[in-house]
Amino acid sequence: MTLPEPRGGRPLVIGVVNVTPDSFSDGGAWFTPEAALAHGRELVAQGADLLDVGGESTRPGAERPATDEELRRVVPVVEALSALAPVSIDTMRAEVAAAALDAGATLVNDVSGGLADPDMAPLVAERAVPFVAMHWRGHSRDMQSRADYGDVVADVARELTERVEALTAAGIPAADIVLDPGLGFAKRAEHNWELLRRLDELVALGHPVLVGSSRKAFLGLVGRTPETVRAPLERDVATAATTVHVARLGAWGVRVHDVASTVDALDVVEALREPRRGMP
Ligand code: PMM
């Protein structure tokens with residue numbers, strides 16, 4: 001499948017369907033196939049262009065599920081949701097990606113950018129599907145100890161470029177590779193802000209750029225003290241503000257939990273782009 005294209009410069013809205021008991025913002029909410037299917041249907045009705053199905057929580061400190069368990073979580077959901085919308089599979093395991101592609105997924109979203117499983121890049125090359133390579137420095141259990149950067153944007157750009165080189169060497173066409181700065185993955189709040197501020201430098205690498213800021217901890221803290229931090233479900237307005245920003249800097253897509261507020265925010269960006277009537 002070819003990479004979905006944003007229409008009129010408007011980023012694609014990728015709705016999150018986490019089939020996990022423990023994701024930080026919606027863990028447990030859509031854990032049964034029926035609940036996940038109902039949620040996916042709602043996200044499509046709200047305007048999601050794609051649905052991203054994942055069966056492994058990557059919140060800081062999380063332990064990994066066994067492969068069998070991850071397969072059990074995602075395959076029935078991918079199968080059901082692919083009838084409604086294009087589905088991406090959020091996994092670091094080639095075996096899970098293969099089963100999800102067989103079940104109807106058309107894009108692979110790997111938060112490790114192919115680093116966690118040496119079989120991932122060859123599989124994606126063979127299946128000829130688009131691949132999201134996120135910036136990653138290690139599994140969630142201890143990733144925050146790797147949040148060590150000189151210039152975070154330059155370091156992330158360099159490490160993503162190295163990923164592109166390895167992935168294209170494995171046979172994935174460069175045009176099929178989407179890059180993602182990996183907000184919150186081995187990053188402290190100041191790193192996430194700097195990556196958002198200078199997202200144009202990542203867009204300049206020449207690949208579509210996906211941004212996943214939705215409900216992340218740094219948005220809970222902004223303007224607050226540790227005592228008054230926003231809970232994950234209270235972060236959708238802050239998420240929408242980042243969506244407006246990255247849309248203006250040329251993001252290809254945004255991965256979000258709340259599709260309705262994201263679509264509203266993007267409608268505003270689009271309205272502001274229209275030329276002023278009556279003006280020279
Ligand atoms: N974040 C999470 C999971 N998958 N995939 C991409 N490409 N980018 C992200 O930022 C990203 C991701 C963690 O968030 P969740 O637990 O709410 O799904």
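Because the structure is a prediction, the values reported are computed rather than measured. One-based numbering, in listed order, for ligands and for the atoms of each.
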Find all atoms of ligand 1 within a distance of less than 4.0 Å from any non-hydrogen atom belonging to [X], and give their numbers and elements.
| X | result |
| --- | --- |
| Leu210 | 7 (N) |
| Asn109 | 5 (N), 6 (C), 7 (N) |
| Asp180 | 6 (C), 7 (N), 8 (N), 9 (C) |
| Val111 | 4 (N), 5 (N), 12 (C) |
| Thr58 | 2 (C), 3 (C), 13 (C) |

Check your understanding: Looking only at side chains, do Asp110 and Ser112 share a donor and an acceptor under 3.5 Å apart?
Key ->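 Yes.
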Point to revise | No-hydrogen, no-angle side-chain donor-acceptor test under 3.5 Å, Ser57 and Thr20 | key: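 Absent: no donor and acceptor within the cut-off.
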Practice item. For residues Met120 and Leu115, determine if any side-chain heavy atom of one lies less than 4.5 Å from a side-chain heavy atom of the other. Key: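 A side-chain contact is absent here, since even the closest heavy-atom pair is not under 4.5 Å.
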Practice item. Please determine if Arg255 and Asp180 form a salt bridge, counting it only when a charged side-chain N lies under 4.0 Å from a carboxylate O. Key: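 Salt bridge: no.
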Give a yes or no on whether the backbone of [Y] and the side-chain of [X] come within a donor-acceptor separation of less than 3.5 Å.
| X | Y | value |
| --- | --- | --- |
| Arg73 | Gly55 | yes |
| His207 | Ile177 | yes |
| Asp117 | Ala94 | yes |

Practice item. Please determine if Lys216 has a nitrogen or oxygen closer than 3.5 Å to a nitrogen or oxygen of ligand 1. Key: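 Yes, there is a polar N/O contact under 3.5 Å.
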Check your understanding: Is Asn18 in polar range of ligand 1, meaning some N or O pair under 3.5 Å apart?
Key ->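 Min N/O separation from ligand 1 is below 3.5 Å for Asn18.
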Exercise for review: Consider ligand 1: state whether an atom of it lies below 4.0 angstrom from any non-hydrogen atom of Arg215.
Suggested key: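 It does not, in that no heavy atom of Arg215 comes within the 4.0 Å cut-off of ligand 1.
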Check your understanding: Between Asp90 and ligand 1, which part of the residue brings a heavy atom under 4.0 Å of the ligand: side chain, backbone, both or neither?
Key ->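 Answer for Asp90: side chain.
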